[in-house]
Peer 1: 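This is the structure, below, for whatever I ask next.
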2 protein chains.
Amino acid sequence: MSNANEHLDKILLELRRGTISIGVLSQLYEPQYGYSLVTMLSEKGIHVEPGTLYPLLRRFEKQGLLVSKWDTNEARPRKYYLLSETGKEVFDLLVVEWRSIVASLNHLIENKGDDVDGDG
Amino acid sequence: MSNANEHLDKILLELRRGTISIGVLSQLYEPQYGYSLVTMLSEKGIHVEPGTLYPLLRRFEKQGLLVSKWDTNEARPRKYYLLSETGKEVFDLLVVEWRSIVASLNHLIENKGDDVDGDG
DNA sequence: TATAATAGTGTGCAGCATACAATATAATTA
DNA sequence: TAATTATATTGTATGCTGCACACTATTATA
């Protein structure tokens, strides 16, 4: 008990979840394949499990946010994903909303509980 | 089709989800009751459904992050929630991680897909 | 009676994590 | 050469968590 970290991990899990989509989409202005995304995002501080990423990529493709094509010229066949036009629109809007969320959250965090209101 | 907004909404839903916890906890350095949190957070840009908040508050209390007490002196009985010591620890750590996530995400967003590496 | 304030519950659905399976290549060893 | 291991690469199935939505319940007030 008193293991604050356990609860932390759970909340963080939830917190990171939503950020995966935006992280993945951000990297697909140029074609990438799943495996490269996993390692690349990991290097940049976004840890994504393969078992999370692959279904995500497929879902996004199904939704029309991504397009894919197999490259069988290389040693091993790789499935490259790329943002569609719709995907770019979605990503742009997503970024706008993301910034708004970050702003709201930061505001809350900075005046944590301090009940500041100008109308006194 | 081509309704980018539908997919956007889904991703945004996921994105906001994780932020609810941190938003709620941030407001509980001083006692608040559920209903006031809903309206207060809403004013500050974090929309939370009552059906989301109440279970969340109870879960957090069960996890020891919050403590609660009924105030029956006022007109209607209100259940006030407040951060416990553990809750404060968790919140502090949460903020640290949150900032880290924001930094990573912002970095990805800014160099979206531009494969910039200094070793080139 | 109707409405607002306040708290609570139950169900459904989405989606990540975990673990697992499958294939192909490259490197290692016997 | 053959068997073994490691790595690259994609994929699937199941379980758990938790939000959204819709709903119920209670009390105060008009």
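A note on names: the letters A, B, ... follow the listed sequences, proteins ahead of strands, and every chain is numbered from 1.
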Peer 1: Using whole Å, report how far OH of A/Tyr81 lies from P of D/dG11.
Peer 2: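 The distance from OH of A/Tyr81 to P of D/dG11 comes to 5 Å, rounded to the nearest Å.
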Peer 1: Do A/His7 and B/Leu65 have side-chain heavy atoms sitting under 4.5 Å apart?
Peer 2: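 SC-SC contact between A/His7 and B/Leu65 confirmed.
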Peer 1: Is the shortest side-chain N to carboxylate O distance from A/Glu61 to A/Arg58 below 4.0 Å?
Peer 2: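 Salt bridge absent between A/Glu61 and A/Arg58.
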Peer 1: Over how many whole Å does the gap from B/Lys69 atom NZ to C/dT6 atom P extend?
Peer 2: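 B/Lys69 atom NZ is separated from C/dT6 atom P by 17 Å.
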Peer 1: Could you pick out which residue, A/Lys10 or A/Gly34, lies toward the 5' side of DNA chain D when each is mapped onto its nearest nucleotide?
Peer 2: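 Its nearest nucleotide lies further toward 5', so the answer is A/Gly34.
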Peer 1: Taking atom P of D/dT27 as reference, at what distance in whole Å does atom CG of B/Asp71 sit?
Peer 2: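 Whole-Å distance recorded here is 16 Å.
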Peer 1: Check the pair A/Ile22 / A/Phe91 against side chain to side chain contact (heavy atoms under 4.5 Å, CB included), numbers first and verdict last.
Peer 2: CA-CA 7 Å; A/Ile22 201 170; A/Phe91 177 73; 4.0 Å; yes
Peer 1: Which of the following nucleotides, C/dA17, C/dC16, D/dC19, is nearest to the side chain of B/Leu56?
Peer 2: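 Looking only at heavy atoms from C-beta outward on B/Leu56, the closest nucleotide is D/dC19.
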Peer 1: Rounded to the nearest angstrom, tell me the gap between atom NZ in B/Lys79 and atom C1' in D/dT26.
Peer 2: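 After rounding, the reported distance stands at 15 Å.
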Peer 1: Starting at CH2 of B/Trp70 and ending at P of D/dT26, how long is that distance when rounded to a whole Å?
Peer 2: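 Computing the B/Trp70:CH2 to D/dT26:P distance gives 13 Å.
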Peer 1: Could you tell me whether the side chain of A/Leu25 reaches within less than 4.5 Å of the side chain of A/Leu66, counting heavy atoms only?
Peer 2: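 Side chain of A/Leu66 against side chain of A/Leu25, heavy atoms only: contact under 4.5 Å found.
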Peer 1: Out of C/dC16, C/dA26, C/dA7, which nucleotide sits closest to the side chain of A/Thr52?
Peer 2: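 Of the candidates, C/dC16 comes closest.
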Peer 1: Of the nucleotides C/dA17, C/dG15, D/dT10, which has the atom closest to the B/Glu14 side chain?
Peer 2: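 The listed nucleotide nearest to B/Glu14's side chain is C/dG15.
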Peer 1: Roughly how many Å is it from OH in B/Tyr54 to P in D/dA20, rounded to a whole number?
Peer 2: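 From B/Tyr54 OH to D/dA20 P: 15 Å.
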Peer 1: Of the non-hydrogen atoms in B/Ser21 and A/Ile11, which two are nearest, and what is the gap between them?
Peer 2: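 So the minimum-distance heavy-atom pair works out to CB-CG2, 3.6 Å.
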Peer 1: Starting from the 5' end of DNA chain C, give me the residue, A/Pro77 or A/His47, whose nearest nucleotide shows up first.
Peer 2: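 By nearest-heavy-atom nucleotide position, the 5'-most residue is A/His47.
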Peer 1: Checking all strands, does A/Arg59 fall into the base, sugar-phosphate, or nothing category for heavy-atom contacts under 4.0 angstrom?
Peer 2: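 Sugar-phosphate, no base atom in range.
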Peer 1: Name the closest nucleotide to the A/Pro55 side chain, picking from D/dT12, C/dA5, D/dG11.
Peer 2: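 Shortest atom-to-atom distance from the side chain points to D/dT12.
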Peer 1: Just to confirm, is there a sub-4.0 Å distance from OP1 or OP2 of C/dT25 to any side-chain nitrogen or oxygen of A/Arg76?
Peer 2: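 Result: no.
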Peer 1: Mind checking if B/Gly51 touches a base, just sugar-phosphate, or nothing, with heavy atoms under 4.0 Å?
Peer 2: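 B/Gly51: base contact, heavy atoms under 4.0 Å.
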Peer 1: Would one find a side-chain N or O of A/Arg58 under 4.0 angstrom from OP1 or OP2 of D/dG11?
Peer 2: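 Yes, within the criterion.
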Peer 1: Return the value, rounded to whole Å, for the distance between atom NZ of B/Lys62 and atom C1' of D/dT17.
Peer 2: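 The answer, rounded to whole Å, is 13 Å.
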Peer 1: How many whole angstroms separate atom CG of A/Leu13 from atom C1' of D/dG15?
Peer 2: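 Rounding to the nearest Å, CG of A/Leu13 and C1' of D/dG15 are 14 Å apart.
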